[in-house]
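Comments concern the structure below.
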Amino acid sequence: MRLHAEVLDEMEGEGEEGSVMASAALSPPLIGAVPTAPRLVVGYALTKKKVKSFLQPKLLQLARKNGISFVSIDESLPLSEQGPFDVILHKITSKEWQQVLEDYHEEHPEVTVLDPPNAIEHLNNRQSMLEEVADLNLSNFYGEVFAPRQLVITKDPSSIPTAVAMAGLTLPLVAKPLVVDGTSKGHELYLAYDEASLSMLHPPLVLQEFINHGGILFKVYIIGETVHVVRRFSLPDVNTYDLLNNVGVYRLPRVSCAAASADGADLDPLIAELPPRPLLEKLGRELRGRLGLRLFNIDMIRELGTKDRYYIIDINYFPGVVALLSLSFIPCYGKMPGYEHIFTDFLLSLAQSKYKNCECKVQTDSARQVSSRMTMTTDKDILVLCPCRYRVFNADTNAMEFQLAPSVDTRTRQHANFLFQLLSMDLGLSDDQAFRVHHCRCGSR
Ligand SMILES: Nc1ncnc2c1ncn2[C@@H]1O[C@H](COP(=O)(O)OP(=O)(O)OP(=O)(O)O)[C@@H](O)[C@H]1O
Ligand SMILES: O=P(O)(O)O[C@H]1[C@H](OP(=O)(O)O)[C@@H](OP(=O)(O)O)[C@@H](O)[C@@H](O)[C@@H]1OP(=O)(O)O
């Protein structure tokens with residue numbers, strides 16, 4: 001059913017050493033082919049590492065059972081020649097890709113782009129990343145949430161000590177690269193104990209006050225409407241002794257990559273206690289709206305010695321769900337156990353919310369009612385009335401049954417195939433019945 005595509009379902013059961021994707025370019029659809037139509041086609045543009053960690057066999061299996069298929073996008077080919085897709089899932093940061101997606105979205109507003117490139121871009125800069133957090137006012141919701149005080153330095157390292165003193169920031173400070181560009185450089189962090197040493201750092205960067213938090217971090221995943229939290233080990237606290245006896249800047253280990261879940265660890269209950277659910281729900285809702293994103297996580301810490309003062313120190317777009325051994329890409333532990341269920345539900349919810357307001361009709365001249373919203377006019381002459389322009393869905397199940405793209409001429413064959421699938425399923429048409437596809441009559445094009 002898909003053209004020019006690699007279908008990842010084929011990868012299931014493949015050994016760990018196998019290639020990242022199985023190539024299964026399918027031949028063009030034949031009218032009359034018996035349908036095994038997925039209800040939701042998710043095109044993905046991800047790094048090899050991300051494909052390996054995210055598209056685990058368990059997810060693929062569960063998704064397939066639910067009518068979702070994942071199709072690899074070839075970034076070297078025009079996007080409009082690939083698909084059709086219902087959803088595009090991506091985490092590629094290049095400007096070229098952003099432009100490709102923006103152009104595609106103009107042309108295909110019916111396709112859900114997860115998420116808009118400009119909203120993701122907002123997270124790729126540590127100054128803009130926490131702006132929305134600073135504006136939040138969640139004090140009525142079982143806790144307060146802040147962003148650490150921070151200063152942006154774009155040039156001249158020698159000016160940093162003065163700038164820090166003028167801003168009144170308290171040491172120690174965490175120095176983080178200003179831009180998170182998906183490379184390991186973007187995650188090179190330093191801890192600075194004294195003001196003078198700050199001039200050894202390399203701008204552009206942000207300097208953030210270090211908040212003691214008992215060495216435990218709450219990783220809050222926001223996946224659509226779902227908010228899921230896990231505990232992770234984090235950096236240890238810095239005490240007065242450390243502060244008085246250390247000078248200089250120290251490179252920090254990439255704790256997020258090294259540390260497995262702290263959920264089963266024997267922890268001080270006051271430190272381990274998860275943030276209250278209502279706070280997390282409200283936070284998730286607020287940030288989802290303010291950031292315009294549906295797939296991200298927040299790294300949240302609770303200030304040591306407090307019960308309800310939280311700081312958000314980092315927000316990541318489409319974070320890792322399974323940790324891989326770095327060279328071999330072999331999965332070593334789940335960062336977000338059960339993610340396959342949450343993601344499958346999320347993708348299904350996208351399909352449902354999208355089509356629930358559409359009303360489509362397929363008619364024959366016998367005006368035979370097929371379902372509450374489908375009618376046939378003639379076996380050979382199928383009229384598609386489609387207020388949503390491109391889509392026809394099964395009104396009984398609320399699931400998309402086929403797509404009708406606007407440029408019928410160039411895609412007639414494909415549309416016809418979709419239609420045939422629908423009709424042969426719902427009406428029991430024989431395989432060789434010919435038909436024509438008419439333009440969408442919803443008047444929107
Ligand atoms: N302001 C802070 N106070 C205390 N600890 C901090 C602070 N900022 C960062 N950390 C510690 O440093 C770690 C890495 O920080 P951060 O998440 O900002 O970097 P990152 O490079 O974006 O990490 P990731 O790999 O998770 O994306 C955190 O998990 C936490 O342990
Ligand atoms: O690869 P990992 O599983 O470590 O996931 C990391 C993810 O890399 P990936 O996008 O290649 O998966 C990172 O993305 P970039 O900022 O580098 O784009 C970032 O989101 C980290 O916070 C994730 O680590 P986590 O915070 O979940 O521990």
Side-chain angles (χ1 to χ4, degrees), residues 54 87-91 93 98 101 112-150 152 174 176 178-182 186-187 206 208-209 211 213 216-232 234 256 273-303 306 308-321 335-336 338-339 342-343 345-347 349-350 353:
F54 176 65
V87 174
I88 291 183
L89 183 63
H90 69 109
K91 189 172 177 182
T93 46
Q98 285 186 17
L101 266 189
T112 302
V113 174
L114 268 181
D115 275 310
N118 59 342
I120 299 174
E121 174 93 7
H122 196 68
L123 296 187
N124 292 341
N125 177 301
R126 294 190 200 264
Q127 181 175 25
S128 49
M129 177 199 278
L130 298 181
E131 273 166 2
E132 279 72 20
V133 178
D135 290 347
L136 286 176
N137 182 3
L138 297 187
S139 49
N140 291 332
F141 289 90
Y142 306 89
E144 293 179 286
V145 183
F146 308 98
R149 291 202 301 154
Q150 67 177 33
V152 179
V174 192
K176 309 183 181 185
L178 182 60
V179 177
V180 187
D181 57 2
H187 300 286
V206 298
Q208 205 174 75
E209 286 186 339
I211 316 283
H213 53 281
I216 289 293
L217 170 147
F218 305 107
K219 213 160 207 4
V220 186
Y221 295 89
I222 287 120
I223 295 146
E225 308 271 303
T226 302
V227 177
H228 184 81
V229 60
V230 299
R231 293 179 196 86
R232 287 269 194 95
S234 177
S256 74
E273 190 186 348
L274 292 174
R277 197 71 216 168
L279 179 76
L280 294 179
E281 295 284 347
K282 173 77 178 165
L283 190 59
R285 260 199 315 280
E286 281 290 323
L287 287 181
R288 209 171 32 232
R290 286 166 189 244
L291 296 168
L293 294 171
R294 283 168 282 193
L295 190 52
F296 60 102
N297 89 274
I298 52 190
D299 289 350
M300 196 164 147
I301 53 179
R302 180 169 48 225
E303 189 170 12
T306 75
D308 55 7
R309 276 180 73 81
Y310 294 93
Y311 285 85
I312 294 181
I313 52 175
D314 190 24
I315 308 181
N316 299 295
Y317 184 65
F318 192 175
V321 286
K335 292 176 164 194
M336 187 191 166
Y339 84 95
I342 296 178
F343 268 85
D345 289 348
F346 168 51
L347 292 170
S349 75
L350 288 179
S353 61

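Please read all numbers here as calculations on a predicted model, not as lab measurements. Residues take their numbers from the sequence shown, with the count starting at 1.
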Donor-acceptor contact below 3.5 Å, side chain S128 vs main chain H122
yes

Smallest separation among heavy atoms of Y317 and H90, with atom names:
CE2-O, 3.5 Å

Going through the distances and angles, do I312 and V145 end up as a side chain to side chain contact (heavy atoms under 4.5 Å, CB included)?
CA-CA 7 Å; I312 294 181; V145 183; 3.7 Å; yes

Q98 and N118: side chain to side chain contact (heavy atoms under 4.5 Å, CB included), yes or no, with the steps?
CA-CA 8 Å; Q98 285 186 17; N118 59 342; over 6 Å; no

Going by the rule side chain to side chain donor-acceptor pair (under 3.5 Å), which residues pair with E225 if we only count those two or more places apart in sequence or in a different chain?
none

Note, D299 side chain near I301 side chain (heavy atom, < 4.5 Å):
no

Side chain to side chain, I222 and L295, heavy atoms closer than 4.5 Å
no

Looking only at atom types and distance, does a side-chain atom of R294 sit under 3.5 Å from a main-chain N or O of D115, one as donor and one as acceptor?
no

Quick one: CZ on F218 to CZ on R302, what's the gap to the nearest 0.5 Å?
4.0 Å

Less than 4.5 Å apart, side chain to side chain, heavy atoms only: is that true for H187 and K176?
no

Give me the atom names and distance for the closest heavy-atom approach of P275 to Y310.
CA-OH, 3.4 Å

Side chain to side chain, L350 and L114, heavy atoms closer than 4.5 Å:
yes

Taking every non-hydrogen atom, the tightest pair across M336 and I223:
CE-CD1, 3.2 Å

Salt bridge (Lys or Arg N to Asp or Glu O under 4.0 Å) partners for E131, two or more places apart
none

Taking the side chain as every heavy atom from C-beta outward, state whether L123 and N316 have any pair of such atoms under 4.5 Å apart.
no

Decide yes or no for M300 and L279: does some side-chain heavy atom of the first lie under 4.5 Å from some side-chain heavy atom of the second?
yes

Decide, yes or no, whether a salt bridge links D314 with R126 under the criterion of side-chain N to carboxylate O below 4.0 Å.
yes

Closest approach of G284 and V227, non-hydrogen atoms and distance?
CA-CG2, 4.3 Å

Is V180 close to T93 at the side-chain level, that is, under 4.5 Å between some pair of heavy atoms?
no

Spatial distance of atom CG (D345) from atom OG1 (T226) [nearest 0.5 Å]:
7.0 Å

Is it the case that atom OH in Y142 sees more than 12 heavy atoms from other parts of the structure closer than 6.0 Å?
no

Can you check side chain to side chain contact (heavy atoms under 4.5 Å, CB included) on L283 and L136, steps first, answer last?
CA-CA 9 Å; L283 190 59; L136 286 176; 3.5 Å; yes

For I313 and P148, the nearest pair of non-hydrogen atoms, with its separation, is CG2-CG, 3.8 Å

Taking atom CZ of R149 and atom CD1 of I211, what is their separation to the nearest 0.5 Å?
9.0 Å

Tell me every residue that passes side chain to side chain donor-acceptor pair (under 3.5 Å) with Y311, counting only those two or more places apart in sequence or in another chain.
R309

Give, for atom NZ of K91 and atom CZ of F318, the distance between the pair rounded to the nearest 0.5 Å.
7.5 Å

Hey, can you tell me if F54 and F343 have their rings parallel, tilted or perpendicular (30° and 60° cut-offs)?
perpendicular

Here the gap from E273 atom CD to I216 atom CD1, rounded to the nearest 0.5 Å, amounts to 13.5 Å

Side chain to side chain contact (heavy atoms under 4.5 Å, CB included), that's the test. Do L178 and Q127 meet it? Break it down for me.
CA-CA 7 Å; L178 182 60; Q127 181 175 25; 4.1 Å; yes

Using the benzene-type ring in the case of Trp, are the ring centres of Y339 and Y221 under 6.0 Å apart?
no

For the CG atom of N125 and the CG atom of D181, what is their distance to the nearest 0.5 Å?
11.5 Å

Regarding E209 and Q150, is there a side-chain donor-to-acceptor distance under 3.5 Å anywhere?
no

Are any of the side-chain heavy atoms of L291 and E132 separated by less than 4.5 Å?
yes

Over all atoms of both residues, closest heavy-atom pair of A119 and G292
CB-O, 3.8 Å

